[in-house]
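The structure appears below as C-alpha cells.
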Amino acid sequence: MSTSETDTKQATANFIRTIIDDDLQSGRHTSIVTRFPPEPNGYLHIGHAKSICLNFGLARDFGGRCHLRFDDTNPAREEIEYAESIKENVRWLGFDWGEHLYYASDYFAQLYQWAEQLIRQGDAYVDDLSADEIRAHRGTLTEPGKESPYRNRPVEENLDLFRRMRAGEFPDGARVLRAKIDMASPNLNLRDPVMYRILHAPHPHAGDAWCIYPMYDYAHGQSDSIEGITHSVCTLEFESHRPLYEWFLVRLGIYRPRQYEFARLNLTYTVMSKRKLLQLVQDGDVAGWDDPRMPTLAGLRRRGYTPGSIRTFCERIGVGKSDSWIDMGVLEECVRDDLNANATRAMAVLRPLKLVIENFPEGDVEEFTAANHPQRPELGSRQIPFCREVYIEQDDFMETPVKGFHRMAPGQEVRLRYAYIVKCTEVVKDGEGNVVEVRCTYDPDTRTGGPAAGRKVKGTIHWVSARHAVTAEVRLYDRLFSVPHPDKGGQEYKSFINPRALEVLPAARLEPGLADAAGESRYQFERQGYFTVDARDSRLGAPVFNRTATLRDSWSREQSA
RNA sequence: UGGGGUGUCGCCAAGCGGUAAGGCAACGGACUCUGACUCCGUCAUCCCGAGGUUCGAAUCCUCGCACCCCAGCCA
C-alpha cells in the first residue's frame with residue numbers, strides 16, 4: 001500500500017496566483033474563496049482534476065476556502081448518482097470542502113426573484129419565439145441579429161407571462177425568458193441570451209418544485225455572488241461569457257466575483273470529451289467508466305494511480321492560457337515517481353518459463369530474505385522460498401542471445417535475485433521447437449551473503465519458486481489510443497483505439513506472499529512495473545493485478561530503436 | 001472578412017524594460033544482486049515574423065502571420 005501524501009513542493013507561479021497575490025496585497029480581499037462547480041451529469045476525469053487541484057490548491061495555499069458546488073441547472077441530464085461519485089472522487093483526490101457543499105438548485109428561489117427584478121427593470125422579457133426562430137434571429141458571426149417581435153412587451157405582461165411559465169401553464173419550449181441586451185452585439189453571448197426555459201421535469205435535488213430552469217449563464221455568476229466567491233476560475237471557453245457574467249451582476253446590483261479563465265487539459269493518447277468517453281463505454285470498447293484504460297478518475301484509481309501522483313501531475317503541468325497538449329508520458333512519470341518511492345517490491349513472473357536447477361536437492365526448500373524496498377530498509381523484508389524448480393520470465397532467456405543481452409542463455413551465468421548465481425546447461429524444446437524448459441546448475445557459494453556472493457555476473461533476473469507460486473490473473477494495460485491525437489485530423493477517433501491497450505495474462509506466477517493481497521495494494525513487480533490489486537475482481541487467495549505503469553526500460557528501447 | 005483569446009527549447013512553463021528559471025523528454029557518464037532508482041554533465045546569443053522606441057526589449061509601439069473559442073431553450 002502506498003500513497004504519498006507529502007507533496008509539499010513550492011507551487012510554481014501562474015497568472016492566477018499573481019492576481020491573488022495582488023488582490024491580497026492591495027487589500028481588495030483579505031481572504032479568498034474559490035469553488036469547483038461540476039455539473040452532475042457524468043464522471044470526473046483527469047481534466048477535472050486539474051480544476052480541482054487548482055481551485056482547492058489556491059484556497060489551501062492562500063488560506064482561504066473552496067466550495068464544492070453542483071451546477072445542477074439542467075434536470076434533463078443530471079442524476080444523483082453522478083453527484084455522489086463526484087464527491088467521492090474529490091475526497092479521494094485528497095480535498096475537503098468542509099461545510100461548503102452547495103447546489104445551484106438551492107438558489108432557484110433567489111434566482112427567480114432576481115429574474116422578476118430584471119423584468120421590472122426592463123432588462124428581461126418573455127419571448128414566444130420557438131427555438132428555431134430564436135436561432136434564426138440570432139444573426140451570424142458577421143451579421144447582427146434581429147430583435148424578437150416580443151422584445152418590447154410591457155413589464156406587466158412579461159411579469160404575468162413569466163409567473164405563468166413558473167406556474168406550469170405552458171408546455172416545454174413554448175416560451176423563454178431572455179435578457180434584453182443587444183441583438184447587434186459582436187459578442188453573440190450578449191444577443192439577448194435565454195435565462196429560463198420551460199422544462200416539465202423533476203429535478204434530482206430540487207424535486208418537483210420547478211418547471212422552469214435557469215440557464216448556466218444566468219445561474220453561475222449569481223451563485224458565485226451568493227457564496228461570496230472571490231475568484232471564479234473556469235476554462236477558456238467561458239471567456240466570451242464573462243461580459244454576460246458581469247452584466248447580470250451589475251444589473252442586479254449584487255456582489256461581483258471576478259471570473260478568470262485558464263486552458264483546459266489536453267492529454268495525448270486519450271480523449272477527454274464526455275461525449276466520446278460515454279461512447280466508448282456504451283459501445284463496449286471499454287468495460288465501463290472505471291475501466292483502467294479510461295482517463296476518468298475512477299479509471300485511473302482502478303489502474304493504480306495514487307491521489308498524490310495526480311496532484312503532482314496537476315502541479316507539474318502548470319496553469320496557463322495557451323492551448324496545450326500534455327504528453328501522456330508526464331502523467332505516467334508522476335505515478336512512477338510516487339510508486340517508486342512508496343510501493344513495496346515483489347517478484348512476479350508474468351510469462352513463466354520453467355527453470356530446473358539440476359544440482360539442487362529434489363525436495364529441499366531454502367528461504368531467502370528479500371527487501372521490501374531496497375532504498376527504504378524501514379519497510380522491512382520478507383522470506384521467499386526457493387526450490388529445485390522455479391519460474392523465470394520467458395523474456396529473460398534467449399537461446400541465441402543478441403549482442404548486449406545479459407540475461408540467461410546457454411552457457412551463460414546469471415544471478416537469481418536474492419538467491420544464487422546459476423549457469424544454463426541445457427534447453428528443452430517441444431515438438432515444434434519451442435523452448436519449454438531451461439536447465440541449469442547453481443553455485444552454492446554465491447548465495448546472497450555467501451563467500452562468492454560478490455562475483456560479478458552480467459545480469460540479475462527475478463524468479464518464483466514453482467512449488468510455492470500463486471497463480472494469478474494479471475492485466476497488462478497500455479495507452480487507450482495508439483496515436484497522440486486520436487481526435488485530430490479527419491479520421492474517426494475510434495479507428496485509433498489501441499488493440500493492445502489490454503492484454504490479459506491468465507496465469508502469472510507470484511511469490512506466495514501475494515496470495516492475499518487485497519484492497520488497492522500497490523506493488524512494484526521487480527523489473528516489470530507497478531501493479532495494483534483490482535479491487536473489484538480480486539478474491540482472497542486469487543488476486544487480480546492491474547498494471548499501472550511499466551518500469552522504464554532502456555534495454556527494450558535500445559532494441560526497438 | 002464580427003468579437004474574444006493565445007503564440008518563450010521536442011512537451012509544459014517562469015519571466016512584467018536590465019541582458020532567457022524550473023519540470024518532463026532527449027543525450028553523454030557514474031553507480032547498481034531491479035538493464036529500475038539515484039547521481040553528475042549537456043540541452044533556447046534567443047523568445048511567431050517584420051519594422052520601430054530605448055544606452056538596453058521576450059518584456060513598450062506598429063504592421064503582419066498562425067492557432068483556439070463563440071451562432072444550445074448544454075455546461
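Sequence lines set the chain letters: A, B, ... in the order given, protein chains first and strands last, and positions in each chain run from 1. Bear in mind the structure is a predicted one, so any value in this text is a computation, not a measurement.
Across all strands, A/N14 comes closer than 4.0 Å only to sugar-phosphate atoms, never to a base (heavy-atom distances). The residue A/G173 sits close to a base: some heavy atom pair falls under 4.0 Å. Nucleic acid contact for A/L267: none, since no nucleic acid atom lies under 4.0 Å from a heavy atom of the residue. Within 4.0 Å (heavy atoms only), A/Y213 reaches no atom of the nucleic acid at all. Among the atoms of the strands shown, base atoms are found under 4.0 Å from some heavy atom of A/P374. As judged by a 4.0 angstrom heavy-atom cut-off over every strand, A/I421 is placed among residues making no nucleic acid contact. Within 4.0 Å of A/S130, counting heavy atoms only, lies at least one base atom of the nucleic acid. Using a 4.0 Å heavy-atom criterion, one finds that A/G404 contacts the bases of the nucleic acid, with or without backbone contacts as well.
Closest contact between the side chain of A/S240 and the listed nucleotides B/A13, B/C24, B/C70 involves B/C70. Comparing B/G2, B/A36, B/G35 by their closest approach to the side chain of A/P186 singles out B/G2. The A/N187 side chain lies nearest to B/G3 when the options are B/A75, B/G3, B/A36. Here the nucleotide nearest the side chain of A/R77, chosen from B/C74, B/C69, B/C73, is B/C74. Residue A/T18 places its side chain closer to B/C16 than to any other of B/G5, B/C24, B/C16. Proximity note for A/L141 (side chain, C-beta onward) versus B/C70, B/G72, B/C69: the nearest is B/C70.
Applying the ring-ring contact (aromatic ring centres under 6.0 Å, His included) test between A/Y196 and each of A/Y213, A/Y216, A/Y218 identifies A/Y218 as the sole match.
At the phosphate of B/A26, OP1 or OP2 sits under 4.0 Å from a side-chain N or O atom of A/R557. Contact between the side-chain N/O atoms of A/R175 and the OP1/OP2 oxygens of B/C73 is not found at any separation under 4.0 Å. Note on A/S554: a side-chain N or O is less than 4.0 Å away from OP1 or OP2 of B/A36. Residue A/R135 places at least one side-chain N or O under 4.0 Å from the OP1 or OP2 atom of B/G72. For the OP1/OP2 pair of B/G2 and a distance below 4.0 Å, the side-chain nitrogens and oxygens of A/R191 include no atom meeting the criterion. Using a 4.0 Å cut-off, no side-chain N or O of A/T12 falls inside it from OP1 or OP2 of B/G23. Within the 4.0 Å cut-off from OP1 or OP2 of B/C69, not a single side-chain nitrogen or oxygen of A/R242 is found. The shortest distance between the side-chain N/O atoms of A/R345 and the OP1/OP2 oxygens of B/A36 is not below 4.0 Å. The side chain of A/R552 contributes no N or O atom lying less than 4.0 Å from OP1 or OP2 of B/U34.
For A/F108 and A/H203, the gap between ring centers is short of 6.0 Å.
Note on ring orientation: taking the six-membered ring where Trp is involved, the planes of A/H45 and A/H48 are tilted (angle from 30° to 60°). Taking the six-membered ring where tryptophan is involved, the planes of A/F386 and A/F368 are perpendicular, since the angle between them exceeds 60° and thus also 30°.
Taking the 5.5 Å centre cut-off and the 30° plane limit, the aromatic side chain of A/W555 is classed as stacked on B/G35.
With a 6.0 Å cutoff to the six-membered ring centre and a 45° limit on the axis angle, A/R166 counts as a cation-pi contact of A/Y112.
Note: CZ (A/R336) to C1' (B/A36) measures 10 Å, nearest angstrom.
Paired regions of RNA chain B, where each region holds three or more successive Watson-Crick or G-U pairs whose two hydrogen-bonding distances fall under 3.5 Å, are B:2-7 with B:65-70, B:10-12 with B:22-24, B:26-30 with B:38-42, B:48-52 with B:60-64.
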